[in-house]
Number of protein chains: 2
Amino acid sequence: MSADTRTKLLAGALATLTGQGIAKASARSIAAAAGVNQALVFYHFGSVDELLSAACRYGAEQRVAVYRERLGAVRSLGELLDLGREMHTAERASGNVAVLAQLLAGAQTQPRLAPATAAGLALWTDEIETVLERVLADTPVAGFLDVAGLARAVASAFVGLELYEGVDPEGAGRALDALDQLSALVNVLDELGPVAQRAVRARLRRSARRPPVRDRP
Amino acid sequence: MSADTRTKLLAGALATLTGQGIAKASARSIAAAAGVNQALVFYHFGSVDELLSAACRYGAEQRVAVYRERLGAVRSLGELLDLGREMHTAERASGNVAVLAQLLAGAQTQPRLAPATAAGLALWTDEIETVLERVLADTPVAGFLDVAGLARAVASAFVGLELYEGVDPEGAGRALDALDQLSALVNVLDELGPVAQRAVRARLRRSARRPPVRDRP
DNA sequence: GTCTATAATACGATAGAC
DNA sequence: GTCTATCGTATTATAGAC
């Protein structure tokens, strides 16, 4: 059965990326993980890069679907942060963020991997953006923050923390705790009372007129 | 001259990591980039992993030294953010953050790379921590934020953004702009007036009593 | 669709001449 | 310290039997 072998190869690619890393993700090791013949990689996908690209979409779609319902139920920043921590540990265990991290590293010097990696990450940023839009709607920052940009920053930081955790688990734990503390700051703003809120809003409007320094062309 | 060859190999390793990625960082390609014989990798460093580890320290020490003086002159959060953006583009061009990103990706599945990678990253987090400690000293968050943890989060996010920029430069630009906007929020807090500041401080003290949820053992 | 066999290339690592 | 030469292995990719 062709479809079955394709699926085995996709799952094998994901398992190899998490367990062996992009440097060892060869046609042979992937086929071994999938339990199929090495030549089938090229028959079904043409090249290792195309298999990795397909596996990226496959894995991201699977994992995002798992969380879509729960993300849709989030109503406050606090709830979002709790879910974020839970997702962090769950995805670290299942190895899906690790897949994205390995492909991102590979895509830096292998442009053929870039489109699929960007698409896989986009599945996550789109979900995050929807939730952030809803959760931040009633806060003073609504209208001033580029929520789509913030969602991309959050996803990037997620990947960076995952990589950092691999070499310094204790430091990564401290980093996550610090981000929790930082988010408490936003919560504080949200419960500050109308007078102070107006002051914040006015101050934000003023600083919004002088846009931040850019260093891109 | 032995020292000269060693240095050539270290520089060659860094150039190969940025230009070819961890997947192609072999003794042969590194030696080619360094302009020396392939066998010298093993004579001077014993193995490719040990050369990569040494190169990580070498590169991080070099780049951190470049910024130490300027980081020491930073007195406000705004100045720090401007310098941060400048460092982001400069390091992206010089390829040093890319080296850390590639080694972090490799270290996930090659534990021999982990200690040196963690040490290289620690050089950056230590610097960031010192500056953050000074800059945040007069803000309401002083005493509530774990600055060391925050420094690690910042460094991780830096790496994550670098990787993301490689597959979606426009999205990465939006993410950086959103972080600028977010930091404006902290600036606002800092210039809020004594009454509101006291309210923030009190509210932070309350939320500090109920520490954030942890998901680590 | 799946297998074996194979070609051409690249790899880590070492032995030994200089 | 540096070089050449080399062993054994792993790689991508294809040709052809079944």
Side-chain angles (χ1 to χ4, degrees), chain A residues 1-56 58 102-103 105-107 109-114 116, chain B residues 1-56 58 102-103 105-114 116-117:
Chain A
M1 188 86 75
S2 166
D4 193 42
T5 298
R6 277 185 64 96
T7 307
K8 280 184 190 169
L9 281 170
L10 291 170
L14 295 178
T16 306
L17 279 174
T18 55
Q20 313 269 136
I22 183 77
K24 299 281 171 70
S26 65
R28 286 176 137 83
S29 48
I30 291 173
V36 304
N37 189 282
Q38 168 261 157
L40 296 177
V41 168
F42 303 95
Y43 175 79
H44 283 288
F45 295 93
S47 73
V48 176
D49 284 344
E50 286 179 63
L51 167 55
L52 292 177
S53 297
C56 179
Y58 173 74
Q102 292 295 325
L103 287 174
T109 54
Q110 184 60 260
R112 299 166 60 95
L113 289 175
Chain B
M1 189 85 74
S2 166
D4 193 40
T5 297
R6 277 185 64 95
T7 308
K8 281 184 189 169
L9 280 171
L10 291 170
L14 295 178
T16 305
L17 279 174
T18 55
Q20 312 266 134
I22 184 77
K24 299 284 171 68
S26 65
R28 288 174 142 86
S29 49
I30 291 174
V36 305
N37 189 282
Q38 169 259 158
L40 295 176
V41 168
F42 304 94
Y43 176 79
H44 283 287
F45 295 94
S47 73
V48 175
D49 284 345
E50 285 180 64
L51 168 54
L52 292 177
S53 296
C56 179
Y58 173 75
Q102 292 295 325
L103 287 174
Q108 305 295 312
T109 54
Q110 184 60 261
R112 299 166 61 96
L113 289 174
T117 309

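Reckoned from all heavy atoms, side chains included, excluding hydrogens, waters and symmetry mates.
- Residue A:Thr5 has no polar side-chain atom (N or O) positioned under 4.0 Å from OP1 or OP2 of C:dG1.
- A:Leu40 places its CG atom 14 Å from the C1' atom of D:dT14, with the value rounded to the nearest Å.
- Atom CG in B:Leu52 sits about 14 Å away from atom C1' in C:dC11, given to the nearest Å.
- Not counting sequence neighbours, the partners of A:Ala55 by the side-chain contact (heavy atoms from CB on, under 4.5 Å) test are A:Leu10, A:Ala13, A:Leu14.
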Any protein N or O atoms within reach of nucleotides 12-16 of chain C? Criterion: under 3.5 Å, listing atom names and distances.
residue : atom : partner : partner atom : Å
C:dG12  : OP1  : B:Ala27 : N            : 3.2
C:dG12  : OP2  : B:Ala27 : N            : 3.0
C:dG12  : N7   : B:Arg28 : NH1          : 2.8
C:dA13  : N7   : B:Gln38 : OE1          : 3.0
C:dA13  : N6   : B:Gln38 : OE1          : 3.4
C:dA13  : N6   : B:Gln38 : NE2          : 3.2

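- When rounded to the nearest whole Å, the span between CG of A:Asn37 and C1' of D:dA17 equals 13 Å.
- The nearest whole Å value for the distance from the NZ atom in A:Lys24 to the P atom in D:dA10 is 11 Å.
- Nearest heavy-atom pair across A:Leu113 and A:Gly106 is CD1-C, 4.0 Å.
- Computed from coordinates, the B:Arg6 CZ to D:dG1 P distance equals 9 Å when rounded to whole Å.
- When all heavy atoms are compared, the tightest approach of A:Gly12 to A:Ala33 is O-CB, 3.9 Å.
- With sequence neighbours excluded, no residue forms a side-chain contact (heavy atoms from CB on, under 4.5 Å) with A:Thr109.
- Evaluation of the side-chain contact (heavy atoms from CB on, under 4.5 Å) rule for B:Ala34 yields B:Lys8, B:Leu9, B:Val36 as partners, not counting sequence neighbours.
- Each end of the helix from C:dG1-D:dC18 to C:dC18-D:dG1 gets its own rotation axis from five pairs of C1' atoms, and the angle between them is 0° to the nearest 10 degrees.
- Checked against side-chain contact (heavy atoms from CB on, under 4.5 Å), A:Ala15 has no partners two or more places apart in sequence or in another chain.
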With a cut-off of 3.5 Å and sequence neighbours excluded, list every side-chain donor-acceptor pair involving residues 19-31 of chain B.
residue : atom : partner : partner atom : Å
B:Ser26 : OG   : B:Ser29 : N            : 3.2
B:Ser26 : OG   : B:Ser29 : OG           : 3.0
B:Ser29 : OG   : B:Lys24 : O            : 2.8
B:Ser29 : OG   : B:Ser26 : N            : 3.1
B:Ser29 : OG   : B:Ser26 : O            : 3.2

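- Distance, B:Leu9 CG to D:dG1 P: 13 Å, rounded to whole Å.
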In a table with atom names and distances, give each donor-acceptor pair under 3.5 Å that connects a side chain of residues 46-54 of chain A to protein atoms at least two apart or in another chain.
residue : atom : partner : partner atom : Å
A:Ser47 : OG   : A:Glu50 : N            : 3.3
A:Ser53 : OG   : A:Asp49 : O            : 2.9

